[in-house]
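All remarks here apply to the structure that follows.
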Amino acid sequence: MVELELTVNGKACMLKIEPGERLIDVLRQRLGLTGTKEGCGEGECGACTVIMDGRTINSCVVLAIQAHGRDITTIEGVGNRIRPHPVQRAFVEEGAVQCGYCTPGMVLAAKALLDKNPDPSPQEIGAAMSGNLCRCTGYDKILRAVQRAAREVTGT
Amino acid sequence: MKKRGTGLGCTWYGTGYGNGFPDVSSAFVEIHDDGTAAVLTGAVDVGQGSSTVFAQIAAEELGLRPEDILVCSGDTDVTPDSGTTAATRQTYNTGNAVLKAVRQAKLRLQEFGARKFSCPSPEGIELKDGMIGVRGDPSRSMPLSELAWEARLLHGERFISASSFTAQTTAVNLENGQGAPYWPYAFGCQAAEVEVDTDTGTVRVLKIAAAHDLGRAVNLTQVEGQIAGGVAQGVGYALLEEVELAEGRIKNPAFARYLIPTALDVPEIESMIVEEPEDTGPYGAKGLGEPAMLPTIAAIINAIDAAVGVRITSLPATPEKILAALAEKQRGGSGG
């Protein structure tokens, strides 16, 4: 067992883990943060996206120990029903959710983009969201939702 | 060189299980004391929005808001079977079962209301904006919640119903080809504009215009979502997706080797909704799910032909196939 210290959704966490544990397993099983979904398990689909020190990562291909001393944001740290993040509100208002499995990763990808670039072009939005696969929506309403959230964030 | 072309694809599609296979949906309905209602059905909402559609249907009949309806679905312990979420059948088939069940419970409510308000017939009782009363006489009405409460506590009267709907289908006679395998049929037409790079063989789909006859759009946002989802899957089918088999095993069972469209691969999508009411559907509605992806493929293949003059006859239309066809064409062959 090794000691892991990291910040998750603003809270300092200290836990003992096996050296080979993946970040997604520590988040879901040890910390109970099951909003992060596992899709392909090989870093292709983006369902397991979380934000580490401001950058999106696929938590299924990152060892938990690589997050030592880092700051992690999962979907649970973004917003909730009562106080949704502008991206979450835009997803609801645009109807950008169908089965919902890709949604946590999509929301985090959009949040990470808007945190760095509050006024992205449609091309920049497409590129930022292209690492997250969705089989239901055809992306149309997801891209619209990110544009809507950007307008809200920048107040335009 | 990059060349552009447009193409058209059309579809007609029989919805439901078809060919005489029993196609039954069922629903239970209860109108509660607090003026809300519950719909129980086996139909599973996999994201297409069937539970929302059922809430809208019940709300429309009972004069309530969709958020007043609790839809409990897909729990085999408590919900009646409504078949699979497949065959483009839930809005039509289970929607009809929900509508029949709601109307049954509503009639009992109207009969009770007719006695309560001394109205000669239950048809004269109207449910609107959470109220129940005599049609055209606002002075003889009360909140639905009060009437349901009074009915239960003072008269032991409950408003509970169960109903089923069976789609019309007969097996096809294999001797003479006669029969009515499906009802209803869905129709659609899509136009694609593509850009083909003659140096690399890659195809970019720039725009899809999609017109679909769905009888009646119960929920417009969901209709647009179904069309966009279908178009994206059609783009994948036309250009990217291929299950490679070797001795019965899939050689590419991973997203790294079985490519599906990303946000960068989907075109601009313009949806056109054709509402030609289907007499047998709930409020004239029929299914849209599968038909939304079918014309995309033909439209894209036709657009490639229009752009560079080659006929691709096997899917997906990969850059390799397009370059081979272009080379063949240059050599004076027939292409494809």
Side-chain angles (χ1 to χ4, degrees), chain A residues 37-49 56 58 60-61 81 90-110 112-113 120-148, chain B residues 44-53 67 74 85 190 204-210 212 217 219-237 240-241 252-271 288-290 292-293 296:
Chain A
K37 306 300 179 198
E38 179 161 10
C40 64
E42 49 189 35
E44 289 290 337
C45 76
C48 66
T49 299
T56 53
N58 290 314
C60 74
V61 289
R81 268 172 192 270
F91 267 59
V92 171
E93 284 166 358
E94 288 289 338
V97 180
Q98 287 192 27
C99 88
Y101 202 81
C102 75
T103 310
M106 288 283 184
V107 168
L108 286 159
L113 168 69
S121 67
Q123 289 72 26
E124 287 171 325
I125 293 174
M129 304 303 287
S130 66
N132 294 70
L133 296 178
C134 171
R135 194 54 152 168
C136 316
T137 64
Y139 304 103
D140 188 49
K141 288 182 184 294
I142 291 176
L143 299 177
R144 283 169 203 264
V146 180
Q147 282 168 4
R148 186 185 186 120
Chain B
V44 174
D45 189 335
V46 294
Q48 85 281 24
S50 55
S51 292
T52 306
V53 163
E67 52 265 45
T85 295
Q190 295 183 8
R204 211 154 64 87
V205 184
L206 304 172
K207 182 172 179 181
I208 297 277
H212 288 274
N219 185 307
L220 191 58
T221 301
Q222 289 177 185
V223 164
E224 289 169 353
Q226 292 276 280
I227 290 176
V231 165
Q233 288 197 17
V235 169
Y237 203 154
L240 299 170
E241 298 180 35
N252 56 342
F255 288 127
R257 284 171 294 153
Y258 180 95
L259 303 181
I260 72 170
T262 73
L264 291 175
D265 299 308
V266 292
E268 178 194 349
I269 298 164
E270 185 182 348
S271 310
L288 170 69
E290 293 158 294
M293 75 173 286
T296 316

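Heavy atoms only: backbone and side chains are in, while hydrogens, waters and symmetry mates are out. Predicted model, so just to flag it, every value in this text is computed and none were measured.
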Quiz prompt | Which atoms of B/Glu224 approach chain A - backbone, side chain, both or neither, heavy atom under 4.5 Å | solution = both

Quiz item: Residue by residue, which of residues 131-143 of chain A have a heavy atom closer than 4.5 Å to a heavy atom belonging to chain B?
Solution: A/Leu133, A/Arg135, A/Cys136, A/Thr137, A/Gly138, A/Tyr139, A/Asp140, A/Lys141, A/Leu143

Quiz prompt | Summary of salt bridge (Lys or Arg N to Asp or Glu O under 4.0 Å) pairs that have at least one residue in residues 93-105 of chain A, sequence neighbours excluded | solution = A/Glu93-A/Arg148, A/Glu94-A/Arg148

Quiz item: Can you tell which of B/Glu241, B/Gln226, B/Gln222, B/Gln48 has the highest number of heavy-atom pairs within less than 4.5 Å of chain A?
Solution: B/Glu241

Practice problem: Measure B/Glu268 against the heavy atoms of chain A and call it side chain, backbone, both or neither at under 4.5 Å. | Solution: neither

Practice problem: Check side chain to side chain contact (heavy atoms under 4.5 Å, CB included) between A/Glu44 and all other residues, then give those that pass, not counting sequence neighbours. | Solution: A/Cys40, A/Glu42, B/Phe255, B/Ala256

Quiz item: Under 4.5 Å, heavy atom to heavy atom, which residues of residues 96-108 of chain A contact chain B?
Solution: A/Gln98, A/Cys99

Practice problem: Against chain A, label B/Val46 side chain, backbone, both or neither, depending on which of its atoms sit under 4.5 Å from a heavy atom there. | Solution: backbone

Exercise. Kindly give the heavy-atom pair with the smallest separation between B/Ala263 and A/Gly126, and that separation in Å.
Key: CB-O, 4.0 Å

